[in-house]
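Report on the structure given below.
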Amino acid sequence: MRPETQQMIQVIRTVMRLLGFRNSDLERKLGVSAGYLSRVFSGGIELRFDLIAEIAELMGLRVDELFRFAYPETGEPPSDMAVRLRESTETFRPAPAVHAGPNPEELERVFTRSLRKFFGEVSKAAGGE
């Protein structure tokens with residue numbers, strides 16, 4: 001088993017323990033047989049990225065968060081190839097998603113309708129139509 005794979009397995013097991021998950025908890029949610037994760041963690045079954053992503057999700061984490069535990073920022077400069085890749089893809093980076101939030105006028109209309117309905121039902125229930 002590659003050292004990187006062993007490191008990822010150790011991180012998954014540690015995170016599971018810290019968050020209170022047992023192998024059996026995740027095996028049930030994954031829909032796999034009992035002992036499956038033990039075989040993965042011992043190297044008997046190959047650790048796949050899909051499984052890492054599923055385990056992260058079941059524990060309430062995003063995949064990138066789990067990988068950051070395994071590979072935190074070291075402060076080391078990027079490799080030459082990483083620099084070249086960044087430079088060559090600089091113009092192809094997608095713009096960050098912008099969430100404008102709810103339209104204030106629409107929000108006020110919905111809120112007003114809801115309050116009128118609520119107080120109308122309360123008034124009817126109290127017998128004061």
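Numbering starts at 1 and runs along the sequence shown.
Between the side chain of Tyr71 and the backbone N or O of Glu4 there is at least one donor-acceptor pair closer than 3.5 Å. Here the side chain of Thr14 pairs a donor or acceptor atom with the backbone of Gln10 at under 3.5 angstrom.
Side-chain atoms of Phe69 and Ile12, non-hydrogen and from C-beta on, never get closer than 4.5 Å to each other. Side-chain atoms of Lys29 and Phe21, non-hydrogen and from C-beta on, do get closer than 4.5 Å to each other. With contacts defined as side-chain heavy-atom distances shorter than 4.5 Å, the pair Leu37/Ile55 qualifies. Inter-residue side-chain proximity for Met16 and Arg22 is flagged as unmet; no heavy-atom pair is nearer than 4.5 Å. Between Ser33 and Tyr36 there is a side-chain heavy-atom pair separated by less than 4.5 Å.
Within 6.0 Å of the CE atom in Met1, the count of heavy atoms belonging to other residues, nucleotides or ligands exceeds 12. In the displayed structure, Arg48 atom CZ is contacted under 6.0 Å by more than 12 heavy atoms of other residues, nucleotides or ligands.
For the atom pair CG (Leu30) and CG (Asn23), the distance works out to 10.0 Å, reported to the nearest 0.5 Å.
Screening residues 54-63 for salt bridge (charged side-chain N to carboxylate O under 4.0 Å, His left out) gives Arg62-Asp64, Arg62-Glu65 as the qualifying pairs, with residues at least two apart or on separate chains.
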| Given the rule in the side-chain contact (heavy atoms from CB on, under 4.5 Å) test, do Phe67 and Ile52 qualify, once you have shown the distances and angles that lead to the verdict? | CA-CA 9 Å; Phe67 271 92; Ile52 295 170; 3.9 Å; yes
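In this structure, Asp50 has no side chain to side chain donor-acceptor pair (under 3.5 Å) partners at least two apart in sequence or on a different chain. Partners of Pro77 according to the side chain to side chain contact (heavy atoms under 4.5 Å, CB included) rule, which considers only residues two or more places apart in sequence or in another chain, do not exist here. Arg39 meets the salt bridge (Lys or Arg N to Asp or Glu O under 4.0 Å) test with no other residue; sequence neighbours excluded. Listed by chain and residue number, Glu27 satisfy the side chain to side chain contact (heavy atoms under 4.5 Å, CB included) test with Ala34 (two or more places apart in sequence, or in another chain). Residues forming a salt bridge (Lys or Arg N to Asp or Glu O under 4.0 Å) with Glu76 (at least two apart in sequence, or on another chain): none.
Considering every non-hydrogen atom in both Val83 and Pro78, the closest pair reads CG2-CG, 3.7 Å.
By the criterion of side-chain heavy atoms lying less than 4.5 angstrom apart, applied directly or through intervening Ile, Leu, Val, Met, Phe, Trp or Tyr residues, Leu47 is grouped together with Phe49 in one hydrophobic cluster. Hydrophobic cluster membership differs between Leu18 and Leu66, with clusters built from Ile, Leu, Val, Met, Phe, Trp and Tyr side chains linked at under 4.5 angstrom.
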